[in-house]
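What you are looking at is a predicted structure, and each value in this text was computed from that prediction instead of being measured. Along the sequence shown, residues are numbered consecutively beginning with 1.
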Amino acid sequence: MRDSEIVASIGARDPQGLAEAYDRYAARLFSFCRSLLAEPAAAAYAVQDTFVIAASAVTELHDPNRLRPWLYAVARSQCHRRLRAGDLPAARDELGGSGRAGDDDERFQLLEVVRTALLDLEPDDREIIELSLRHRLHGADLADTLGVPRDQVHTLASRARGRLEDILGPLLVAQAGRRACPALGELLGDEDGTAAPTRHRVSQHIGVCPVCAERQRQLVAPVLRLGFASGAPIPRGLRNRVLRVAAGHWPAGAAERTAIGAQAAAFGAYG
């Protein structure tokens, strides 16, 4: 099914349409919601609400071929509503991938560096990075998801990525470059480079050291690909709950669907 066919199917109240939309996009949406919200349960409810809203409002979508960014926009709105209501933002363990202590040690350490860099970003920049690097939303898709003018989104994304690289580069060089550059080792001493003042000194050193500048250039891009390669696994059972609530054939489901629709944000021309 193409997205336009899924939209038409949902609009015709065919349960298969919503099931197809869920199977195609729910796992990625849950990963995104998990990056914004601290509790897995809160992220699951945000995903549920997204598809319940889609079941009743997707016909308002300006272009049926743009279902994917529209769903991200709805999910983002639901997450921000929960944050305004007092849900905590995602904690350190939910940022930057799915590294665990059992993973390969070097990979896990690199994921930790990515997490550290993400935590130093402003929340708006972190959200743009999550959407663009992990979820591959760019151009019009990213603009529509964020609700910003399309002619501004490239600048916003470039600035956010630049800020991330400005933090991540010195962190990587501090961890990987001691042996290749004695001057860096002397600068760091016993520090690991994560403290902001030390990272600033490392950044200044990179600006005048060709060896460390080349090391930074070689490391940043592959580490970014690694750090945003995967997301949180979606809970079992969520699919059945979403389809049951969206259908609303049982009294509690109908009441829940009505409540979810009542608190949904207004829709613009692109959702």
Same cluster for [X] and [Y] if Ile/Leu/Val/Met/Phe/Trp/Tyr side chains link at under 4.5 Å?
X	Y	value
V52	I234	yes
V202	V220	no
I129	L168	yes
V173	V114	no
V47	V58	yes

[X]/[Y] ion pair, N-O < 4.0 Å:
X	Y	answer
R150	D141	no
D125	R161	no
D120	R163	no
D3	R66	no

>> Test: ring-ring contact (aromatic ring centres under 6.0 Å, His included). Region: residues 158-196. Which pairs qualify, not counting sequence neighbours?
In response: none

> Any ring-ring contact (aromatic ring centres under 6.0 Å, His included) pairs touching residues 124-151, not counting sequence neighbours?
Replying inline: F32-H135, Y72-H135

> Which residues pass the salt bridge (Lys or Arg N to Asp or Glu O under 4.0 Å) test with E39, sequence neighbours left out?
Replying inline: none

For [Y], does its backbone N or O pair with a side-chain atom of [X] as donor and acceptor, under 3.5 Å?
X	Y	value
S9	G17	yes
S77	A73	no
S203	R199	no

>> Could you walk me through whether Q109 and E112 satisfy the side chain to side chain contact (heavy atoms under 4.5 Å, CB included) test, starting with their C-alpha distance in whole Å, then the side-chain angles of each, then the deciding distance to 0.1 Å, before giving a yes or no?
In response: CA-CA 5 Å; Q109 289 172 6; E112 284 295 301; 5.5 Å; no

>> Filter on salt bridge (charged side-chain N to carboxylate O under 4.0 Å, His left out), then keep only pairs touching residues 9-20, sequence neighbours left out; what's left?
In response: E20-R24

> Tell me the salt bridge (charged side-chain N to carboxylate O under 4.0 Å, His left out) pairs involving residues 167-176, sequence neighbours left out?
Replying inline: none

Got a second to check how far [X]'s [atom1] is from [Y]'s [atom2], nearest 0.5 Å?
X	Y	atom1	atom2	result
T116	L172	OG1	CG	10.0 Å
R134	S35	CZ	OG	7.0 Å
R81	R84	CZ	CZ	8.0 Å
R241	Y45	CZ	OH	4.5 Å
D63	L61	CG	CG	6.5 Å
I167	L121	CD1	CG	4.5 Å

Closest non-hydrogen atom pair, [X] against [Y]:
X	Y	result
A19	R239	CB-NH2, 3.5 Å
Q216	G169	OE1-CA, 3.2 Å
L83	L36	CD2-O, 3.8 Å
F30	A43	CE1-CB, 3.6 Å
A46	L37	CB-CD1, 4.2 Å
A21	I10	CB-CD1, 4.2 Å

Under the rule for side chain to side chain donor-acceptor pair (under 3.5 Å), what residues qualify as partners of [X], not counting sequence neighbours?
X	result
R215	none
E5	none
T194	D192

> Is the closest side-chain donor-acceptor distance between T50 and Q78 under 3.5 Å?
Replying inline: no

>> Could you walk me through whether L184 and I206 satisfy the side chain to side chain contact (heavy atoms under 4.5 Å, CB included) test, starting with their C-alpha distance in whole Å, then the side-chain angles of each, then the deciding distance to 0.1 Å, before giving a yes or no?
In response: CA-CA 9 Å; L184 177 64; I206 292 170; over 6 Å; no

Would you say [X] and [Y] make side-chain contact, with heavy atoms under 4.5 Å?
X	Y	value
F51	V245	no
T59	V7	no
P89	P123	no
V113	V223	no
H205	C181	yes

Going by the rule side-chain contact (heavy atoms from CB on, under 4.5 Å), which residues pair with [X] if we only count those two or more places apart in sequence or in a different chain?
X	result
Q204	H200
L146	R76, E127, I128, L131, L142, V148, V153
P15	none
P197	A195, R201

>> Could you go through L18 and I6, starting from their C-alpha distance and side-chain angles, then the distance that decides it, and tell me whether this counts as side chain to side chain contact (heavy atoms under 4.5 Å, CB included)?
In response: CA-CA 7 Å; L18 192 65; I6 293 175; over 6 Å; no

>> Between L171 and Q175, does the side chain to side chain contact (heavy atoms under 4.5 Å, CB included) criterion hold? Intermediate values first, please.
In response: CA-CA 6 Å; L171 286 171; Q175 291 208 356; 5.9 Å; no

